[in-house]
2 protein chains.
Amino acid sequence: MVTIKDIARELGVSPSTVTRALAGNTRISAETIRRVREQAEQMGYVADSAARAMRSGTSALIGLLVPDIQNSFYATMARIAAQCCQRAGYQLVLSVTEDDPEIEERHVRALIGARCAGVMVVPTGGVTPATCQLLSGVPTVQLIRRAEGLRADSFGVNDRQALFAATGYLLDLGHRCIALLVGDKTLDTARARFNGYVDAFAARGLQPDIDLVCAGAPRASQGSEALRALLSRRVPPTAIVAAGAALTEGMLDAVSAHYGSTYPDVSLLGFGDTAAFRWWQGEGLSTIALPITTIAEAAGARLLALIKTPRAAAPSVESVSFDTSMVLRGSARPPVERS
Amino acid sequence: MVTIKDIARELGVSPSTVTRALAGNTRISAETIRRVREQAEQMGYVADSAARAMRSGTSALIGLLVPDIQNSFYATMARIAAQCCQRAGYQLVLSVTEDDPEIEERHVRALIGARCAGVMVVPTGGVTPATCQLLSGVPTVQLIRRAEGLRADSFGVNDRQALFAATGYLLDLGHRCIALLVGDKTLDTARARFNGYVDAFAARGLQPDIDLVCAGAPRASQGSEALRALLSRRVPPTAIVAAGAALTEGMLDAVSAHYGSTYPDVSLLGFGDTAAFRWWQGEGLSTIALPITTIAEAAGARLLALIKTPRAAAPSVESVSFDTSMVLRGSARPPVERS
DNA sequence: AGTTGACGCGCAAACGTTTGCGCAATAAAG
DNA sequence: CTTTATTGCGCAAACGTTTGCGCGTCAACT
């Protein structure tokens, strides 16, 4: 690896001059700058970011922690985050937490050790105190979910409202047996979404059948398993709403498996608007659409701003909620009369 | 940030002792090791990886360069890569190249600057000499595609065979007007896939209609645009085969848009076996399935091995090709007779 | 002619960690 | 009792970069 010293030696100047020349410092003659740059180029110099990080106390790394990169929802988030970072000269360090607080802590620790400039995180349901402690030192933004102990700006959606509207839509179509796939109570988003579901019933003087609520880990496998049982009941639900990106996948899997090639006589509502949902059963899956691009962009912009601020600015924690919208395709219809 | 010196001062020992104790060095009394570890834990010590990288000349970072993280195909790859790295104590730096050689070079430069331990790359079609030069210094593996100037192990599939089989399947169903969506000639995979397509015709004493071959940038938008024109022709193709992950998306978009809610009377063959393809039109999309998990795992394992080797081992460049398989669902049928 | 200022550059220290070498003390061997 | 080996630890240098300070030179002032 060619260093700044090599260039200095080659040119008969001091290392300081080389640094300053490369940085475009005034107080260095234009001629010297030209010579240094040329030599650097010719020798294939690449600045050692480790040395730079050590000296400056901060690196050009931004951490992104997501539960599952394979989920199209988080993949989109990663794409936007990567764009933001790369444009601003940062590199993105990707950590997949699998919704495990322990993995999360381990990775946050590594990020802190790397003196990363900032962190974007979709927190797990059980963020540890150690994680919060570690994160309190660096600019941090949380996406989608909001962890209790974490003092960091958050960017998500109005979860209660999202499920209030979605459930209401199904109720107004005439459904009464509406299954809900939702994350467990450790997730603030899951709680809010559950409340929206219940409130939609309440607003119409109704009450949901609690047996139809499947709360569990936010994974496709969990959702499809819970649903399989529900679909095999003597009186299956007439509609299903999935209150999570992974759970939507689980829902589609279970429904596909249960109905095979016969047309499913159950109404479906997904969560998040993945491109693939347009292809569901030829008619498309109706979903609760989240402005995920907007969210990720807002979070990225905020993070970059936090990184730039002179550190002194009192970090009044902001919490931004965007609105969801219903994207209606063919998968939700009035309930069919059953014999 | 609490450093090793802080711990040393607190305990009245030297920094060297602390390092060695934390590393579990023998030659340090068990008692001292215990005291140091306890103190480190209690003070919340996190090793500065920048300093460590500087001293050791290599960091715990592994770079992953993919064209598009939003594509489910590469997302899966990223997931496996992340698993491999994280298990081995490395962090994954994600770079999205958008198939742009310039972006690719910039990111590789940054990775080299970070003294990353290794690189996994899906090369663009026009890998620059500078990129090759930079990459020649670090352990590197390439996935899916193979760049010309890059001396690095590669893990991909037998592309020609894949399209030979797929095209043959459609031909044997009776199709003759088979559109092909494929990447442009800068990609070695695209060339091989195109050859497979042509050879399948040739093996049956036939010849493809070159007008039905859409070669372009491997992006969904490009594929859907090219296909739109084809579908509007007076005599549209009776079957379409997409020879790329992004192009498959483009194909589905174009077909959805063209046929609306009417059943598409064109046979379809996708590329890569994304979960969402099971939901296509209720019947599922038949595809050319790649063992992407196996590929990514093999590449990851190889990279870790390369990193561990004493650097001296003559790097005889290996090139591993896995076999694809056809996953038959309902989207490919014998051609319908048209008036 | 002496003072002041600007300009162009070098010196050296610092960031936190690791590691070869060496020193002292104790144990084992002669 | 001396020699040798072993154990436990400290010293100091090194990795590459950045930056405050200072020094010399030259021109423009008073």
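Letters go in sequence order (proteins before strands), and every chain restarts at 1.
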Can you see which heavy atom on T124(B) is nearest to which on D100(B), and at what distance?
CG2-N, 3.8 Å
T32(A) vs dG8(C): side-chain N/O to OP1/OP2 distance below 4.0 Å
no
Heavy atoms of S154(B) and R146(B) approach each other most closely as OG-NE, 2.8 Å
Contact list for DNA chain D against residues 2-20 of chain A - heavy-atom distance below 4.0 Å
T3(A), I4(A), K5(A), S16(A), T19(A), R20(A)
When rounded to whole Å, the CD1 to C1' distance for the pair I28(A) and dT25(D) reads 15 Å
With distance as the sole criterion, do the side chain of R55(B) and the base of dT17(C) form a donor-acceptor contact below 3.5 Å?
no
Any salt bridge linking E105(B) with R109(B)? Criterion: basic side-chain nitrogen under 4.0 Å from a carboxylate oxygen.
yes
Please state how far atom CE in M54(B) lies from atom P in dT18(D), giving the value in whole angstrom units.
11 Å
Electrostatic pair E31(B)-R34(B), nearest N-O below 4.0 angstrom
yes
For R35(A) and dG8(C), give me the distance from atom CZ to atom C1', rounded to whole Å.
13 Å
Length of the CG-P vector between D48(A) and dG16(C), whole Å
16 Å
Would you mind classifying the nucleic acid contact of S56(A) as base, sugar-phosphate or nothing, using non-hydrogen atoms under 4.0 angstrom?
nothing
To the nearest angstrom, how far is N25(A) atom CG from dT19(D) atom P?
9 Å
If you look at every strand shown and take non-hydrogen atoms under 4.0 Å, does A23(A) touch a base, only sugar-phosphate, or nothing?
nothing
Between P of dC15(C) and CZ of R115(A), the distance in whole Å:
13 Å
Approximate separation, where rounding is to 0.5 Å, of L64(B) CG and M120(B) CE
6.5 Å
Can you tell me the distance, in whole Å, between the CZ atom of R27(B) and the C1' atom of dG10(D)?
13 Å
Using 4.0 Å as the upper bound for N to carboxylate O, is an ion pair formed by R115(B) and D48(A)?
yes
Any side-chain heavy atom of L135(A) within less than 4.5 Å of one from V108(A)?
yes
